[in-house]
Amino acid sequence: FGIFIHWGVFSVPAWGFGPGQGDAGSAEWFWWWWQGSNKKPEYEEFVRKTEHENFAYADYAHRFDASLYRPEEWANLFAQSGAQYVVFTAKHHEGFCNWDSKEAVPLSWNWNAMDVGPRRDLVAELSKAVKSTKSPTTGQPLHWGLYHSLKEWFNPLYVQDTANDYNTRRFVEEKIMPELYDLVNKYEPELIWSDGDDGVDDKRDKYWNAPEFLAWYATNSTVADTAIWNDRWGTTCKHGAFFTCHDRYQPGKLVDKKWENALTPDPHSWAYNRRTNGTQYLSVEYFVHELIETVAFGGNMLLNVGPAADGTIPAIFWDRLLGIGDWLKVNGEAIYKTKPWKVAQNQTDVGAYYTTKGGTLYALVTKWPKDNRLVLAAPIPTADTQVRMVGLDTDEGYLAWDYMAPSKESGSEAGIVIEVPSLTPDVIPCQHAWVFAIRGLQNEYKGGKDLDLIRVGQYTN
């Protein structure tokens, strides 16, 4: 479980034409929808009503002041949510660098956080805060990652390269590669989350020349031993340490490659959007269920936060993150360092998903069992089987269970039948979903190929 952060000059207008408008509702794409090739008239009207004549997008940068930015507070919130890693936007498609980039990347002059707007190295401050913060649920330091956009909509070099059908590479050589090396050398991210590759053919794959940089990152950088990266470097959903094939990627089944489900509480925008009201944000329960399903199928969940331009995180994001954290404080053992159960990953009729760790099978149940009887079809018990409800203290220590072998008479009742006690609100360990830890099964999975991160050599066939 990780935290994604979308923060930049787009956080000043903080306005998207959605909800209900598809991609046009994404506030981080404000500049594109206002002045890009498929611009939307609603954005031009918004600027006309709210800004002075001849206003330019770059003028927003002066109001991106980060005056209330408290990176230590951010890191503590992320830790309290139960997240184990953080991915911060170093640069989005607008091209604004959230770090002190001008020396290593002269082309970022006056379009970076030290020259205009915050006049602070936003990346450096959060990097220090995250790396010095430990997770209260696992006791481990948080891991640090950076999001970086390859493309920049209106950069003249990129525009020229695209006009040349990607046969020239000045933008990559003079802007992108210096940025990536600078970010790794200065801030040592263990994870790089690339985006904006627009990769649909081999030509664009070769244009970005990612293998050369990634080979250095994985073998010669100061974080080479732990460095990982996603798949958006020219040909999405093909290369990389893990797949992020598209936003909100949820294959709904066990796949061979490690993957990540990146999603956001505002279903229409990654950046903070002032047009989204409270009823439109997805709930804590939604994210708990999404986390359970994602982990059961071998993925990670990366949940987005959209701070305001002044550096405050709106209260609704606090609510969602702390709600997830409350659930993980009780049930984290069924999520952290677990693996999918190869026998079965879910049972839809009872809303159950499975994870496993160290000889324990966890059944994570998203619907309270009917008549307090939880019937799980896949686990086959033995005389030594023990069942407990995670977070619940009982006098006997374990829950009563029975087993009904498959037959014409048992029908849908076939399986291990767990007797769940009636629980009052002051006793029930958590809300949203409940976890049952089962040991001593006949069909405990003990071998086979794990879902490993493929770190080096993934560009060779």
Side-chain angles (χ1 to χ4, degrees), residues 1-7 66 68-90 98 120-147 187-193 223 226 228 260-265 270 272 281-288 290-292 294-295 299-308 310-338 355 357 390-391 429-433 435:
F1 173 40
I3 299 297
F4 215 176
I5 307 164
H6 277 69
W7 196 35
L68 299 176
Y69 176 44
R70 300 183 180 92
E72 294 81 9
E73 182 178 85
W74 283 24
N76 183 64
L77 170 62
F78 303 152
Q80 292 298 322
S81 77
Q84 301 299 301
Y85 64 106
V86 175
V87 180
F88 179 59
T89 297
N98 277 332
R120 301 166 62 176
D121 190 326
L122 306 179
V123 174
E125 293 183 37
L126 189 59
S127 173
K128 180 180 178 181
V130 167
K131 292 175 183 178
S132 62
T133 300
K134 288 188 175 182
S135 165
T137 50
T138 65
Q140 299 299 311
L142 298 185
H143 296 280
W144 168 244
L146 287 172
Y147 167 104
Y187 312 112
E188 299 184 310
E190 294 180 86
L191 183 157
I192 296 181
W193 214 100
V223 289
T226 53
I228 58 172
E260 185 180 65
N261 178 5
L263 71 172
T264 182
W270 295 87
Y272 175 51
Y281 280 79
L282 299 171
S283 66
V284 172
E285 180 173 279
Y286 176 90
F287 292 115
V288 168
E290 195 72 18
L291 176 63
I292 290 170
T294 297
V295 174
N300 284 15
M301 186 175 83
L302 185 64
L303 182 59
N304 182 66
V305 169
D310 62 4
T312 56
I313 295 176
I316 199 159
F317 291 105
W318 281 75
D319 175 79
R320 299 308 189 258
L321 295 188
L322 294 177
I324 297 168
D326 287 344
W327 187 86
L328 281 168
K329 286 173 185 175
V330 175
N331 302 293
E333 67 175 89
I335 296 293
Y336 302 122
K337 295 186 177 181
T338 61
T355 62
K357 177 175 62 179
V390 175
C430 61
Q431 302 180 58
H432 312 307
V435 178

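All residue numbers refer to positions in the sequence shown, counting from 1. Values reported hereafter were calculated over all heavy atoms of this structure, with side chains retained and with hydrogens, waters and symmetry mates removed.
- The side-chain contact (heavy atoms from CB on, under 4.5 Å) search around Ala75 returns Ala129, Val130, Thr133, not counting sequence neighbours.
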Donor-acceptor contacts, no H, no angles, side chain residues 318-325, under 3.5 Å, sequence neighbours left out:
from, atom 1, to, atom 2, distance (Å)
Trp318, NE1, Ile313, O, 3.1
Arg320, NE, Leu282, O, 2.6

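- Looking at residues two or more places apart in sequence or on another chain, you find a salt bridge (charged side-chain N to carboxylate O under 4.0 Å, His left out) between Glu125 and Arg120.
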- Message: Under the criterion side chain to side chain contact (heavy atoms under 4.5 Å, CB included), I'd like the reasoning laid out for Met301 against Val295: C-alpha separation, chi angles, the key distance, then a yes or no.
- Response: CA-CA 8 Å; Met301 186 175 83; Val295 174; over 6 Å; no
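- Summarising the geometry of Val223 relative to Pro189, their closest heavy-atom pair is CG2-O, 3.4 Å, with the distance given to 0.1 Å.
- With sequence neighbours left out, the side-chain contact (heavy atoms from CB on, under 4.5 Å) criterion links Glu333 to Lys357, Tyr362, Arg388, Val390.
- Every residue two or more places apart in sequence or in another chain that forms a side-chain hydrogen bond (donor to acceptor under 3.5 Å, both in side chains) with Glu188 is listed here: Thr222.
- Tyr147 has its ring centre less than 6.0 Å from the ring centre of His6.
- Between atom CD of residue Glu290 and atom CG of residue Leu263 there is a gap of 6.0 Å, rounded to the nearest 0.5 Å.
- In this structure Ala124 satisfies the side-chain contact (heavy atoms from CB on, under 4.5 Å) test together with Asp121, Tyr187, sequence neighbours excluded.
- A 4.5 Å side-chain heavy-atom check between Pro136 and Gln80 finds at least one atom pair inside the cut-off.
- Remark: Trp74 pairs with no residue by the side-chain hydrogen bond (donor to acceptor under 3.5 Å, both in side chains) rule, at least two apart or across chains.
- A heavy-atom distance below 4.5 Å is found between the side chains of Leu303 and Pro265.
- The two atoms that bring Pro314 and Thr312 nearest to each other are CD-O, 3.5 Å, heavy atoms only.
- With sequence neighbours left out, Phe317 forms a ring pair (Phe, Tyr, Trp, His ring centres under 6.0 Å) with Tyr281.
- The local environment of NZ in Lys128 is sparse, with at most 12 non-hydrogen atoms from other residues, nucleotides or ligands closer than 6.0 Å.
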- Message: With side chain to side chain contact (heavy atoms under 4.5 Å, CB included) as the criterion, how do Ile228 and Leu191 come out once you've worked through the C-alpha distance, each side chain's angles and the decisive distance to 0.1 Å?
- Response: CA-CA 5 Å; Ile228 58 172; Leu191 183 157; 3.9 Å; yes
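- Partners of Ser135 under the side-chain hydrogen bond (donor to acceptor under 3.5 Å, both in side chains) rule, at least two apart in sequence or in another chain, are Gln84, Thr137, Thr138.
- Side-chain contact between Ile335 and Asn331 is absent, with no heavy-atom pair separated by less than 4.5 Å.
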- Apply the test side chain to side chain contact (heavy atoms under 4.5 Å, CB included) to residues Thr355 and Tyr336: give CA-CA distance (whole Å), side-chain angles for both, the deciding distance (0.1 Å), then the verdict. CA-CA 10 Å; Thr355 62; Tyr336 302 122; over 6 Å; no
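- Among residues two or more places apart in sequence or in another chain, the side-chain hydrogen bond (donor to acceptor under 3.5 Å, both in side chains) test is passed with Tyr272 by none.
- Only one option out of Leu302, Asn300, Leu328 pairs with Phe1 in a side chain to side chain contact (heavy atoms under 4.5 Å, CB included); it is Leu328.
- Ring geometry, Phe4 versus Trp193: the interplanar angle falls from 30° to 60°, so the pair is classed tilted.
- Between Leu77 and Val305 there is no side-chain heavy-atom pair separated by less than 4.5 Å.
- Here the shortest heavy-atom pairing between Val330 and Pro429 reads CG2-O, 3.5 Å.
- Listed by chain and number, the residues in a ring pair (Phe, Tyr, Trp, His ring centres under 6.0 Å) with Trp327 amount to none (sequence neighbours excluded).
- A pairwise comparison of heavy atoms in Ala83 and Ile3 identifies CB-CG1, 3.5 Å as the closest pair.
- The side-chain contact (heavy atoms from CB on, under 4.5 Å) check on Ser283 picks up Glu285, Tyr286, with sequence neighbours excluded.
- The closest side-chain heavy-atom distance from Thr294 to Phe287 is not below 4.5 Å.
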- So Leu122 and Trp7, side chain to side chain contact (heavy atoms under 4.5 Å, CB included) or not? Walk me through it. CA-CA 10 Å; Leu122 306 179; Trp7 196 35; 3.7 Å; yes
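- Taking each heavy atom of Val86 and Phe78 in turn, the nearest pair found is CG2-CD1, 3.8 Å.
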